[in-house]
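Structure first, commentary second.
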Amino acid sequence: MTTLPATTDKKLGLVIDLDTCVGCHACVVSCKGWNTENYGAPLSDQDAYGSDPTGTFLNRVHSYEVQPETGPAQLIHFPKSCLHCEDAPCVTVCPTGASYKRQEDGIVLVNEDACIGCGLCAWACPYGAREMDAAAGVMKKCTLCVDRIYNENLPEVDRVPSCVRTCPAGARHFGDLGDENSDVSKLVAARGGMDLMPEQGTKPVNKYLPPRPKDVEPEMDVLAPYLQPVAKDQKGFLGWLDKALEAI
Amino acid sequence: MHPAGSVIIFTVASGIGFGLLAFLGLGLPAVQGWAAFWYFAVGFALAVGGLVSSTFHLGNPQRALKAFTQWRTSWLSREGWFSVTALICLGIYALFAVFFGRNLVVFGVLGAVFSLLTVFATSMLYTQLKTVPRWNTWTTPVMFILLSIAGGALLAGHVWFALILMIAAGVMQVITWVLGDKRFSQAGSNIGSATGLGERGDVRAFEPPHTGNNYLLKEMVHEVGRKHAMKLRVIALVLMAVVPVLILLVSQSVFAIAAAAILHLIGVLAQRWLFFAEAEHVVGLYYGKR
């Protein structure tokens, strides 16, 4: 049913640390791997070894350059996948009921057997979290690895989304963002976790931790300020050249 | 947004088709026998042809019947119900008009109401999307309804009504463009809010996630066709409103009406192409594109 649940028992989601992410794309590869081999239609590629390769991905890593008013520019790697919004516009537009948000944990899923591939949900998503698979003709999206997190056949350490398990930098965290005592909620509170495009009114569950402010290099030598300043005027040939060029 | 041919043909053909069917259902003209047959044949061909064309862009059209289930929330589902109700009501009305020479007013009026509701539901598919600010405003349903009944009036032979509606559509189109050009910035999404990094400084897309193309860019970031947008706007406006109006003011013969209708149709096709090609989806912000 494409009516959104009024509340969900849990709000499972990801917390992504933009300070820590090194932009290695390991999460992208592990996501593609897990979700091709397991739940639902595989994430297909088209012309994979040709001149114009494309394919379906549920997670992609962008990189942005931020230029502050003063100081050097900063490069920020930015993984983006479904944010499992509380007010998910992709769910209500679905004509068939294939798109739904689970009442028990808040995960937004697609029932691929009911999806007609109209693409309206992808249009409704501001984040580009949904991609139509060109081979299967059904909409693919992050499942929060619903086939891992409850899977008792896996060792407990693996019962987290594939991207979280893989991240070598520890930049991805998984947990219940509806429980204010959970580790992820404490992390969000401590680091000022933020929503993407809050003006769209989607109330995303996933949060992003902003990069920490850059350190300023401390004065290493207490005597340094008292040292003689290095002569700024050039002497000798370079000094003559400087003056000569100045005079022209 | 990517201007998909099947969706452009669907919205234009079904819009005009349901416009014509609405007039026929209201008994304007209250045709019977062969005349009714031809009028309804054109109306049904356009409306049903458009609806069939819309299924061509589906990934799995064999499951299309499931689209009738979610009318509580989904405009696409409502569109399905409205269109089927309209076609059934008008099918019964047409049957009696063609074979028994009787105009069943109840079925006709119901059919007309649901025909217009279908066009409204089509427009709401686009209007509801906050992600496309140019569409997410009152001008979208007004334009769809105006063009639907203008084309319907033209095909039903109501010359003066068609004249007034085409002038109204032309004026409304200019208003739509003027307001629409400001919508994206008014909606307030930019690369800073998209990444949440805007307060830290100027954000620039440094490196995309992949070197190739993807579904999102193909479907929602359509920058190619926009360089001719201004010329196409003039072409659309001239063909869908100015020239047909002038033709009908000069002559109101059958040939003049036919010529006006064909030019109007081409103009509306250009207008609808622009409707998609000029619409900017906020997801483009993540790619530093619009």
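The shown structure was predicted, so the numbers you read here are calculated from the model rather than taken from an experiment. Each chain gets a letter, A, B and so on, in the order the sequences are listed, and its residues count up from 1.
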(request) Would you mind checking which part of B:F56 comes under 4.5 Å of any heavy atom in chain A, side chain (CB onward), backbone (N, CA, C, O), both or neither? (result) neither

(request) Only counting residues at least two apart or in another chain, list the ones meeting side-chain hydrogen bond (donor to acceptor under 3.5 Å, both in side chains) with A:R172. (result) none

(request) Heavy atoms only, distances under 4.5 angstrom: which of A:M132, A:R130, A:M139 has the most pairs with chain B? Name it, please. (result) A:M132

(request) Below 4.5 Å from any heavy atom of chain A, which atoms of B:I191 appear? Answer side chain, backbone, both or neither. (result) side chain

(request) For the pair B:F275 and B:F144, evaluate ring-ring contact (aromatic ring centres under 6.0 Å, His included) and give the outcome as yes or no after the intermediate values. (result) CA-CA 11 Å; B:F275 175 76; B:F144 268 76; 5.4 Å; yes

(message) Given heavy-atom pairs under 4.5 angstrom as the criterion, report whether the side chain, backbone, both or neither of B:W135 touches chain A.
(response) side chain

(message) At a heavy-atom distance under 4.5 Å, which candidate from A:L75, A:D52, A:L18 has the highest pair count against chain B?
(response) A:L75

(message) Nearest 0.5 angstrom please: B:T122 OG1 to B:E79 CD, how far?
(response) 3.5 Å

(message) For chain A, which candidate among B:T55, B:T211, B:L197, B:L125 shows the most heavy-atom pairs at distances under 4.5 Å?
(response) B:L197

(request) With a 4.5 angstrom heavy-atom cut-off, could you sort out which part of A:H77 is near chain B: side chain, backbone, both or neither? (result) neither

(message) Using a 4.5 angstrom heavy-atom cutoff, name the option from A:C115, A:A73, A:P89, A:P210 with the most pairs to chain B.
(response) A:C115

(message) For the interface with chain A, which of B:V283, B:T195, B:V203, B:L129 has the highest count of heavy-atom pairs at distances below 4.5 Å?
(response) B:T195

(message) I'd like to know which of B:V132, B:D202, B:L76 tops the heavy-atom pair count under 4.5 Å against chain A.
(response) B:D202

(request) Answer with side chain, backbone, both or neither: which region of B:L58 has an atom nearer than 4.5 Å to a non-hydrogen atom of chain A? (result) both

(request) Go through A:C125, A:A134, A:G119 and name the one with the most non-hydrogen pairs under 4.5 angstrom from chain B. (result) A:C125

(message) Please classify the contact between A:A136 and chain B as side chain, backbone, both or neither, with a heavy-atom cut-off of under 4.5 Å.
(response) backbone

(message) Ignoring hydrogens, what is the shortest heavy-atom contact between A:D133 and A:A135? Give both atom names and the distance.
(response) OD2-N, 3.0 Å

(message) As an exercise: rank B:G192, B:G188, B:S74 by heavy-atom pairs under 4.5 Å with chain A and give me the winner.
(response) B:S74

(message) Less than 4.5 Å to any heavy atom of chain B: does that hold for the side chain of A:C118, its backbone, both, or neither?
(response) both

(request) Quick one: pull up CG in A:L177 and NZ in A:K207 and give me the separation to the nearest 0.5 Å. (result) 7.0 Å

(message) Side chains of B:N214 and B:Y287: any donor to acceptor distance under 3.5 Å?
(response) yes

(request) Could you look at A:Q74 and say if it's the side chain, the backbone, both or neither that has a heavy atom under 4.5 Å from chain B? (result) side chain

(request) Identify which one of A:R102, A:Q103, A:K101 satisfies the side chain to side chain donor-acceptor pair (under 3.5 Å) criterion when paired with A:D105. (result) A:R102

(message) For the interface with chain B, which of A:P213, A:P79, A:P211 has the highest count of heavy-atom pairs at distances below 4.5 Å?
(response) A:P211

(request) Pick whichever of B:A205, B:A67, B:G212 has the most heavy-atom pairs under 4.5 Å with chain A. (result) B:A67

(request) Go through A:S44 and A:T56 one step at a time and tell me if the side-chain contact (heavy atoms from CB on, under 4.5 Å) criterion holds. (result) CA-CA 6 Å; A:S44 71; A:T56 314; 4.2 Å; yes

(message) Counting only non-hydrogen atoms closer than 4.5 Å, does A:F78 touch chain B with its backbone (N, CA, C, O), its side chain (CB onward), both, or neither?
(response) side chain

(message) Looking at every heavy atom in both A:R60 and A:V28, which two are closest together, and how far apart are they?
(response) CA-CG2, 4.1 Å

(message) Is B:H281 in contact with chain A via its backbone, its side chain, both, or neither, using a 4.5 Å heavy-atom distance?
(response) side chain

(request) State whether a side-chain donor-acceptor pair under 3.5 Å links B:R72 with A:T3. (result) no

(request) Please confirm whether B:F82 and B:W75 have ring centers closer than 6.0 angstrom. (result) no

(request) Walk me through it: do A:S30 and A:S162 pass the test side-chain contact (heavy atoms from CB on, under 4.5 Å)? (result) CA-CA 6 Å; A:S30 89; A:S162 183; 3.1 Å; yes

(request) Quick one: do B:Y126 and B:F276 satisfy ring-ring contact (aromatic ring centres under 6.0 Å, His included)? Show the steps, please. (result) CA-CA 10 Å; B:Y126 308 108; B:F276 288 99; 5.4 Å; yes

(message) Taking side chain as everything from C-beta outward and backbone as N, CA, C, O, which of these in A:V93 sits under 4.5 Å from a heavy atom of chain B? Side chain, backbone, both or neither.
(response) both

(message) Between B:G80, B:G198, B:S189, B:G284, who has the most heavy-atom pairs with chain A when the cutoff is under 4.5 Å?
(response) B:S189

